[in-house]
Amino acid sequence: AGGSPFNVSIRLKMTADREGTAMEVIGGTNLPVVLDAYMSRTVIADAGQLAASSSANGRQQVIHYVMTAETDSIDDDEIEYDE
C-alpha cells in the first residue's frame with residue numbers, strides 16, 4: 001500500500017464509485033491472495049465479499065518463524081512439514 005500501483009488503483013476506485021461500478025482495492029497482496037481472488041470470482045459475485053474472503057485467505061498463508069532453543073538443535077531430517 002502506498003506505492004504507485006496502489007495509488008492508481010485508489011484513483012480508479014474513486015472513479016468507479018462515482019459511476020456506480022463495484023470495485024474493491026487490496027494493497028500489499030501476495031500470490032495466494034491473487035490466485036484465491038481469481039479462482040473465487042465466479043463463485044463470489046459481490047466485490048466486497050470477494051476482497052474480504054481473499055484477504056482473509058492471504059493472511060492465513062503468512063508465517064512468522066521464530067527460532068527457539070528447542071528448534072535451534074533440530075536437524076533438517078527431523079523437520080516435519082504439513083502436507
Please tabulate, for the side chains in residues 12-20, all donor-acceptor contacts under 3.5 angstrom to protein atoms that are two or more places apart in sequence or on a different chain.
residue	atom	partner	partner atom	Å
K13	NZ	D17	OD1	3.3
K13	NZ	D17	OD2	3.4
K13	NZ	M23	O	2.7
T15	OG1	R11	O	3.2

For residues 42-51, please give each side-chain donor-acceptor pair under 3.5 Å, one per line with the distance, not counting sequence neighbours.
residue	atom	partner	partner atom	Å
D46	OD2	G48	N	3.3
D46	OD2	Q49	N	2.9

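- Taking every heavy atom of both residues into account, V33 and G58 meet most closely at CG2-CA, 3.3 Å.
- For P32, the side-chain contact (heavy atoms from CB on, under 4.5 Å) partners are N30, Q61, not counting sequence neighbours.
- Under the side-chain contact (heavy atoms from CB on, under 4.5 Å) criterion, S55 pairs with I26, R59, sequence neighbours left out.
- Connectivity analysis of hydrophobic side chains (ILVMFWY, heavy atoms under 4.5 Å, direct or indirect) links Y38 to M39.
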